[in-house]
Number of protein chains: 4
Amino acid sequence: MDVSTGPVTDALHRVLAEVSPNTAGELATHIPELADEDPDRLAVALASTEGRCYHAGDAGHRFTLQSLSKPFVYALALTDRDVDEVHEHVGFEPSGEPFNSISLDAAGRPDNPMINAGAIVTSSLVRATDAIERSARILEILSAFAGRDLEMDEKVYASEQDNGDRNHALAHLARASGVLASGVDEAVDAYFRQCSILVDTRDLAVMAATLADEGINPMTGRRVVSEVCARHTLSLMVSCGMYDGAGEWMMRVGIPAKSGVSGGIVAVKPGQFGIGVFSPRLDEKGNSARGVEVLQELSDAYGLHLLRRPTAPAGPLVEEDADSGAHVLRPRGELDFVEVEAVVHDLWSRTTEEGEAQLSLDLSAVTALSVVAHDLLQEALRHLRDAGRAIEVLDPGGVLGDDEE
Amino acid sequence: MDVSTGPVTDALHRVLAEVSPNTAGELATHIPELADEDPDRLAVALASTEGRCYHAGDAGHRFTLQSLSKPFVYALALTDRDVDEVHEHVGFEPSGEPFNSISLDAAGRPDNPMINAGAIVTSSLVRATDAIERSARILEILSAFAGRDLEMDEKVYASEQDNGDRNHALAHLARASGVLASGVDEAVDAYFRQCSILVDTRDLAVMAATLADEGINPMTGRRVVSEVCARHTLSLMVSCGMYDGAGEWMMRVGIPAKSGVSGGIVAVKPGQFGIGVFSPRLDEKGNSARGVEVLQELSDAYGLHLLRRPTAPAGPLVEEDADSGAHVLRPRGELDFVEVEAVVHDLWSRTTEEGEAQLSLDLSAVTALSVVAHDLLQEALRHLRDAGRAIEVLDPGGVLGDDEE
Amino acid sequence: MDVSTGPVTDALHRVLAEVSPNTAGELATHIPELADEDPDRLAVALASTEGRCYHAGDAGHRFTLQSLSKPFVYALALTDRDVDEVHEHVGFEPSGEPFNSISLDAAGRPDNPMINAGAIVTSSLVRATDAIERSARILEILSAFAGRDLEMDEKVYASEQDNGDRNHALAHLARASGVLASGVDEAVDAYFRQCSILVDTRDLAVMAATLADEGINPMTGRRVVSEVCARHTLSLMVSCGMYDGAGEWMMRVGIPAKSGVSGGIVAVKPGQFGIGVFSPRLDEKGNSARGVEVLQELSDAYGLHLLRRPTAPAGPLVEEDADSGAHVLRPRGELDFVEVEAVVHDLWSRTTEEGEAQLSLDLSAVTALSVVAHDLLQEALRHLRDAGRAIEVLDPGGVLGDDEE
Amino acid sequence: MDVSTGPVTDALHRVLAEVSPNTAGELATHIPELADEDPDRLAVALASTEGRCYHAGDAGHRFTLQSLSKPFVYALALTDRDVDEVHEHVGFEPSGEPFNSISLDAAGRPDNPMINAGAIVTSSLVRATDAIERSARILEILSAFAGRDLEMDEKVYASEQDNGDRNHALAHLARASGVLASGVDEAVDAYFRQCSILVDTRDLAVMAATLADEGINPMTGRRVVSEVCARHTLSLMVSCGMYDGAGEWMMRVGIPAKSGVSGGIVAVKPGQFGIGVFSPRLDEKGNSARGVEVLQELSDAYGLHLLRRPTAPAGPLVEEDADSGAHVLRPRGELDFVEVEAVVHDLWSRTTEEGEAQLSLDLSAVTALSVVAHDLLQEALRHLRDAGRAIEVLDPGGVLGDDEE
C-alpha cells in the first residue's frame with residue numbers, strides 16, 4: 001500500500017530538501033546510458049514490514065539495478081545451495097579494493113559476493129540447466145523481492161556486453177581457479193542481465209523491506225527467501241555492502257546497505273523497514289553522493305544505527321503485594337536477556353530460602369520474549385519446581401509458549 | 001556482583017563442556033610467555049548491563065590483553081580527540097591483511113585501529129605530555145573498563161620490547177607519513193605496555209559489558225566513555241574486530257567482538273551484556289579456536305545475532321470501545337518505527353474524516369519508545385490538533401516525554 | 001652445417017655429463033602433454049654465427065616452444081610496428097611476479113612481453129587481417145628463425161585451449177585497458193598456436209644464433225629481422241627473460257636467455273653463437289633445472305658473461321723508427337675506445353709541438369674499428385691536418401672507411 | 001690524468017650542448033639541501049681504463065652521493081662476505097616498485113641492494129666492530145673508488161637523520177625478518193653517512209672506471225675490489241640500477257648504470273671507461289632527466305650498447321702457400337669463439353685425412369685470445385698431435401700461453 005501523506009512522508013520530503021543542494025560527485029560513465037542520466041534526479045522511499053510504502057521525489061523514475069542486484073542474487077544462490085557450498089566458491093571478506101578489482105583470495109575465491117568477480121561467481125551458483133533458465137530465475141526472484149514483474153533494459157544490456165572485457169576476465173580467472181559453477185559466457189551473461197533490470201526507488205524500498213521482514217515481501221505477503229538467507233544477506237551487506245567504505249558506513253550510518261553505480265542505494269533496518277534512495281551522482285568510492293547523505297541524515301535523526309540500544313529498558317517490577325504479602329514479579333514489554341535476567345536471578349535465589357512468601361510471576365504486560373529470555377525463564381521455573389517451591393505464573397498472552405504451562 | 005549458580009551459569013558451563021574436546025590450533029609463539037601458557041585452559045564469563053557477572057571455567061586465570069587492548073584504547077583516543085581528528089590519522093576499513101601487516105592506505109594512514117600499525121597510532125593520539133602520563137592514562141581507562149586496578153606483566157613487556165622490530169617499523173612508517181601524534185618510541189612503548197596488562201576472563205566480560213551499557217561500567221556504575229564513543233568502538237569491532245575474518249564472523253556470530261593472541265575474545269550484545277572467553281590455542285587467523293566456538297554456540301543457542309529480529313512484535317491494538325463507541329489505540333511494549341507506524345497511519349487518516357467517533361490513545365502498556373517512534377507519534381498528535389480533532393492521550397508512564405502533554 | 005665431432009662437441013658432451021646426475025625439479029603439469037614428457041631427457045646445441053651447429057644428447061627430440069616463442073614473436077611485432085608503438089601496448093620492465101600473473105602497470109599495459117599477458121598483447125600486434133594470417137605469419141617467422149619449416153602439435157594446442165581460462169582472462173583485461181590490438185579470441189588463439197609449435201634443441205640453437213648474428217640466420221644466410229629488432233629482443237631477454245629470476249641470472253650466467261615450461265632454454269652470446277638446452281624438469285621458478293646448470297657451467301668455463309672484458313687488450317705500439325727518426329704508431333687488432341684513445345691522445349698532443357719528427361700511423365695490423373674508435377681517430381687526423389701537421393697513414397685493409405683517405 | 005682538450009673532450013662538450021635546453025624534471029625535495037641545488041648545473045666526465053679523465057661542464061661542482069653510494073658499498077659487502085652470504089640477506093631481483101618501497105621477498109629479504117631497504121642491509125653486512133669502524137670503512141672504500149679522500153656533508157647528514165623515519169622503518173623490518181646484520185641504528189646511520197658523502201662529476205667517472213677496469217682504479221693503479229666483485233656489482237646495476245626503469249634503460253642505453261636523487265648517474269662500459277653525469281632535475285622515476293639524455297646520446301652516437309657486436313669480425317685467413325703447398329691458417333686480431341671456431345673446425349677435419357700437405361698455424365697477427373678461444377685452440381692442437389699429424393705453430397706474441405709449446 002502506497003501512502004502519500006503523513007509524518008513519514010513529511011520526514012522523507014524534509015530529508016530530500018536538506019540534501020538537494022548537494023551537487024557533488026559525477027555520473028558513472030563506463031556505460032553510455034548511465035552517463036546520459038539526469039544528474040539532478042533525487043528520490044527516496046521507505047517500505048515498512050507492515051506493508052506500507054512511503055516516498056518522496058522521483059520515486060517512479062526507473063534506472064537499472066547494476067550492483068544493487070548483487071545481494072538479492074546472492075540470496076537466491078544461498079537458497080539453491082547451502083551457505084557452505086556457496087562460500088567454497090566465494091569468500092566472506094571485504095576486499096579493501098575497488099569493486100571491479102580482481103581480488104581473489106589464497107583459495108582462488110573472489111573476496112566476496114559484492115565485488116564483480118564474486119557476483120559473477122554467485123550468478124553461476126544459481127541452479128539452472130542453461131543460460132535462459134538462469135536469467136529467468138534471477139529475474140523471477142528479483143521480481144519477487146520487488147513485488148512486481150520487473151523487466152530488463154535491452155540497451156543497457158547491450159552496452160554492458162560492449163564494455164564487458166573486464167567482467168569476462170574476472171569470470172575466466174574464477175573459472176581458472178575452479179570456483180565458477182557454470183560456463184564463462186553463461187555466468188557473465190546472467191550477470192549483465194541482472195545488472196540491466198529496471199527498477200524505481202519504490203521497488204528498492206520494497207526489496208529492502210523484504211530483507212527487513214526476514215525474507216517475506218511485506219507488500220505481497222509472499223516468502224521470497226528463508227529467514228536465514230535473508231539474515232546472511234544482511235550480514236554480508238554489513239561487511240561488504242558499501243564498496244571499500246564499509247567500515248566508515250558502519251560507524252556513520254550503521255545499517256546494512258548496498259549501492260549501485262546507477263545511483264541507487266538500498267538500506268535495511270531489520271524487522272522494521274527497507275529504504276531505497278536514488279541520486280545518480282557518485283562520490284569517489286562509487287556510492288551515490290546524495291544517497292549516502294540521505295541515509296546519514298535518516299540514521300542520525302531517527303537513531304537507526306544497529307548498535308544503538310533502541311530504548312532505555314523498562315526494568316522488571318518486583319513488589320511485595322500489600323494484601324497477600326506475596327512476592328510478585330511483573331516484567332513488562334519486550335524481554336531480552338537483560339530484562340529477564342533480573343527476574344531469573346530473583347527467582348533462583350529464592351529456591352533455597354526457607355519460609356518464603358508466596359511467589360507470583362505476572363507476564364500479562366510482556367509483549368514479547370527473546371530466545372535467550374524465554375530459555376532462561378523456563379529454566380528458572382523448572383528449577384523452582386524441582387526444588388519444591390510453588391510459583392503462580394500468569395501468562396494470558398501465552399508468551400511462554402507451548403512447552404510450559 | 002558475581003553469581004556462581006543459576007541458569008546463566010549453567011548455560012556457560014554447558015557451552016564449555018561442548019567445546020572442551022576441541023584441541024585444534026596452536027599457541028602464539030612470538031613471545032615466550034605466550035608459548036608457555038597452559039594450552040588447555042578454558043574460561044567464559046558474562047556480565048550483564050544490570051551489573052551481574054556469571055562465569056565458568058578458569059575465569060580467574062590471568063593473561064595479558066595483547067590486541068584486546070585495542071578497542072578500549074581506541075575509545076580513549078576518541079574521548080581525547082573527536083572522531084574526525086582520530087580518523088585523520090587512522091582509517092576505518094578492514095585491511096584484508098594480517099594484523100601485523102603494514103597496510104597504509106592512500107593517505108598514509110594505517111587501515112584501521114585494530115591492526116598493529118593503527119593501534120600504535122591510536123595510542124599516540126591519547127592526550128599526554130610524556131610517555132609516563134600516556135601509559136598511566138591508558139592503564140587508568142583500561143582499569144575503569146574492568147572495574148578494578150589492573151597491573152602490567154613486566155616479563156611480557158620486556159619480551160614485547162625484545163621482539164619489537166616490526167612494531168617499531170610500523171611506528172616509523174606512520175611517522176614518515178605524518179599520522180603519528182607522538183614520538184616513535186613513546187608510541188611503541190605505550191602500545192607494548194597496554195598489550196602487557198594482565199586481566200582475567202571475568203575482567204573481559206566487564207570491559208565488554210561497559211561497551212554494551214553505552215560506556216557505563218555496570219559493576220561500578222561509573223561512566224568510562226561517552227555513549228557515542230562506545231558506539232563508535234562497537235562499530236569498529238563489527239568491521240575490523242576479528243582480524244581478517246570479520247565478514248565470516250558477522251555471518252556466523254553477528255555481534256561485535258575483538259580477539260587477542262593471548263587467547264581471549266571480548267564480545268558485546270549492545271544494551272544487554274558483555275562476554276569474555278579465554279582459550280589460548282589460536283586458529284590460523286590468530287583467533288582463539290575454542291573462543292570462536294563458544295561464541296558461535298552462544299549466538300546460535302540464544303539468537304544473539306545483531307540482524308536477528310529480537311522477537312515477533314506485538315501489534316498495536318486498535319479497538320472500538322463497546323460502551324462509548326470511542327476509537328481506542330492501545331500499543332504495548334517497546335515501540336520502534338514499525339510498531340508505531342500503524343498507530344500513526346491510523347491517526348493521520350482520521351484528521352480529514354468527518355463525524356468521527358472520539359479518539360483515544362492509551363500508552364499505559366508502552367514500556368519504551370524509540371527516537372523515530374517518539375518523533376512520529378508527536379508529529380501525528382500535533383497534526384491532529386492542528387486539524388482540530390480532539391484526542392485523549394493516556395500516558396501514565398510519561399513515555400512521550402516533557403515536550404508533549 | 002651440423003658438426004658431430006671436435007672440441008666444441010666434446011665440450012658439450014662434457015657439460016651434459018656433469019649435469020646428468022641432477023634430478024631436481026618437477027615436470028610442468030598444467031597441460032597433460034607436458035606432464036607426459038620423459039623427465040630424463042637432456043640435450044644441448046650450439047650454433048655459431050659462422051653457420052655451424054654442434055650438439056650433444058637428445059638434440060633431435062621435439063617439444064613445444066611454450067614461452068620460448070615469446071622473444072621471437074616480439075621481434076616480429078617490432079618488425080611490424082616501431083618500438084614506441086609496441087611499447088605503448090606493453091611495458092619494458094620485469095614484473096617481480098610469476099609469468100602468469102596479471103601485472104598490468106599504471107597505464108594498463110602488461111609489465112613486459114615475456115609474461116603471458118604481455119605475450120598475448122605482443123601477438124595481437126603482429127600485422128594481420130585475420131586470425132589465420134596472424135598465426136601463419138607467426139609460424140613463418142619462427143620457421144625463418146629456425147631455418148626450417150616448423151609445425152604445430154595439435155594435441156598440445158587443444159590442451160592449451162582446454163586450460164586457457166587464465167590466458168583468456170589476461171587478454172580480456174588487456175582489451176579492457178585498451179592495449180590489445182586485436183580481438184580477444186584471435187590474440188589468445190595466436191598465442192596458443194605459437195606455444196604449440198614443435199622444435200628440437202638444435203632448432204633452439206639456430207633461433208638463438210639468429211639473434212646473435214643481429215637478425216641473420218647463419219645457417220640459411222637469410223635476414224629474419226633487422227639488427228635493431230634483434231638487439232631490442234636481446235635487451236628484453238636480459239631484463240625479463242628468466243621469469244622472476246632475471247637478476248640472479250645476470251649475476252650468475254650473464255648472457256641474454258629465455259626459458260619455457262616445456263624445459264627448453266635459449267641463450268645468446270651476441271656476435272658469437274646461440275645455445276639451446278633441453279631438460280624438462282623445472283625448478284621452482286619454472287626454468288629447466290638442468291638447463292640452468294648447463295648454462296652456468298658453460299658461462300663459467302668459457303667466460304661468456306657479457307660484463308667480462310673479453311681479453312686483455314693489446315696496447316698500441318708507439319715507437320721511434322730507428323732509421324728515419326719518424327714517430328710511428330702501430331695499433332693492432334680490434335680497436336675500441338680505450339685502444340684508440342691512447343693513439344688519439346698522442347696524435348692530439350703533437351699538433352702544437354714545434355720541430356716534430358715525421359708522424360706515421362700504421363693501421364695494417366688493425367682488424368676492426370668500433371664506431372667510437374673510428375670517429376675519434378678521424379677526428380684526430382682531421383685536427384692534425386687543420387693544424388698543418390703532416391701525417392702518413394697506412395691503411396691497407398681500409399679500416400678507416402671511405403670518408404677518409 | 002685530466003685531459004682538457006681533444007676529440008673526447010669535444011664530444012663531451014657537444015653532448016652537453018645538445019641536452020642543455022632540456023629543463024624538464026624537478027629537484028628532489030625530501031631534503032632541504034637537495035631542494036636548494038642550482039637546477040641548471042650540468043656536467044659530464046669520462047675516465048678511461050687507461051687512466052685519463054675527460055670532462056665538460058661543472059665537473060668540479062660537489063654534491064652528495066645519495067643512492068650512487070649503493071653499488072660501491074655493495075662491492076665492499078661482497079668483499080667482506082661471499083656472494084652467497086650477502087644474498088642470504090638481500091635479493092637479486094628488480095622490485096618493480098619505487099626505491100623507498102618496502103619490497104621484502106618471500107624470504108623476508110629486501111628485493112635487491114639498490115632499493116633503500118636493501119642498501120641498509122648491505123651496509124649492515126660491511127665487517128665492523130662498531131658504528132664508527134663501519135662508516136670509516138665505507139668512507140675508505142668510496143675514497144679508493146674515487147682515487148682521493150672524500151668527505152661527508154654534515155648538513156645533509158643531519159637532514160637525512162631528521163627525515164629518516166622511513167629508512168628506520170625499513171631497517172626494523174629487515175631486522176624483524178632476520179636479515180639485518182647489525183643493530184638498526186648502526187645500519188641506518190652508516191647508510192645516511194654514505195648518502196652524505198660529497199663527490200664531483202669527475203669522481204663519479206673515476207669510480208665508474210674502477211668498475212670498468214675490473215676493480216682497479218685506473219688513476220691510482222690500486223686494486224679496490226676483486227674482479228668478481230666488480231662484475232657482480234655491474235650485473236646488479238644492469239638488473240636494478242635505474243630504479244624501476246631498468247628494462248627500458250637496457251633497451252635504450254644498454255650499459256650498467258646507477259642514479260641518485262642528487263642528480264648524478266654513473267655508467268660503465270666494461271673494459272673501456274666509466275662515465276659520470278650530473279644534472280639535478282629528476283624525471284618521474286627519480287633519475288636525472290638530462291643525465292639520462294646524455295647517456296642515451298653517447299650510447300647512440302658511439303655504439304656503447306652491451307649487446308651491440310662491437311665490430312664486424314675479421315675472418316681467419318686460410319690459404320695454400322704457393323711455394324711450399326703448405327696449408328696455412330692466419331687468424332688476426334682478437335679471437336673469441338666464433339673467430340677461432342673456423343680454425344679449429346679446419347684443423348679438426350684434417351686429422352683423419354691421408355696424404356695431407358703440411359699444416360701451419362700462424363698466430364703472429366693475433367692480438368688476444370678469449371678463454372673459450374684459447375681452450376678450443378689448445379684442444380684442437382692436442383687432438384692433431386694425438387692423431388699423429390704434424391703442425392707448425394708460429395706464436396711470436398705468446399698468445400697461447402705457457403701451457404703449450
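Chain naming here is simple, since letters A, B, ... match the order of the sequence lines and numbering starts at 1 in each.
Although no hydrogens or angles enter the test, the distance criterion places no donor-acceptor pair under 3.5 Å between the side chain of D:T49 and the main chain of D:D213. With D:H374 contributing its side chain and D:L400 its backbone, the two residues share a donor-acceptor pair below 3.5 Å. Using modelled atom types, no side-chain atom of C:S299 and backbone atom of C:L295 make a donor-acceptor pair closer than 3.5 Å. At distances below 3.5 Å, at least one donor-acceptor pair connects side-chain atoms of C:N112 with backbone N or O atoms of C:E93. Without hydrogens or angle criteria, C:Q296 side chain to C:V253 main chain gives no donor-acceptor distance under 3.5 Å.
Salt-bridge formation is detected for the pair D:R252/C:D84: a Lys NZ or Arg NE/NH1/NH2 atom is positioned less than 4.0 Å from an Asp or Glu carboxylate oxygen. A salt bridge is absent between C:D346 and C:R330; no separation between the charged side-chain nitrogens and carboxylate oxygens falls under 4.0 Å.
Neither the backbone nor the side chain of D:V268 comes within contact range of chain C, judged by heavy atoms closer than 4.5 Å. Contact of C:F337 with chain D is made through backbone and side chain together, with heavy-atom distances under 4.5 Å. Interface residue D:A301: only backbone heavy atoms are found under 4.5 Å from chain C. Contacts of C:S364 with chain D are made by backbone atoms alone, with heavy-atom separations under 4.5 Å and no side-chain atom involved. For chain D, the nearby part of C:L46 is the side chain; its heavy atoms alone come within less than 4.5 Å. Heavy-atom distances place the side chain of D:D10, and not its backbone, under 4.5 Å from chain C. With a 4.5 Å cut-off on non-hydrogen atoms, D:S239 touches chain C through its side chain but not through its backbone. With a 4.5 Å cut-off on non-hydrogen atoms, C:V238 touches chain D through its side chain but not through its backbone.
Between chain C and the residues D:A246, D:G397, D:P256, D:A380, the largest count of heavy-atom pairs under 4.5 Å involves D:A246. Ranked by non-hydrogen atom pairs under 4.5 Å with chain C, the options D:A230, D:G245, D:G254 are led by D:G245. Of the residues considered (C:G303, C:S48, C:A373), C:S48 shows the highest number of contacts with chain D, using heavy-atom pairs under 4.5 Å. The greatest number of non-hydrogen atom pairs below 4.5 Å with chain C, out of D:R52, D:K269, D:H87, is found for D:R52. The choice from C:G333, C:G6, C:A212 that makes the most heavy-atom pairs within less than 4.5 Å of chain D is C:G6. For chain C, the option among D:E341, D:M250, D:H232 with the highest count of heavy-atom pairs below 4.5 Å is D:E341.
C:E379 and C:H383 are not linked by any side-chain donor-acceptor pair at a separation below 3.5 angstrom, with hydrogens and angles left out of the test. For the residue pair D:S370 / D:D336, a side-chain donor-acceptor distance below 3.5 Å is found, with atom types taken as modelled.
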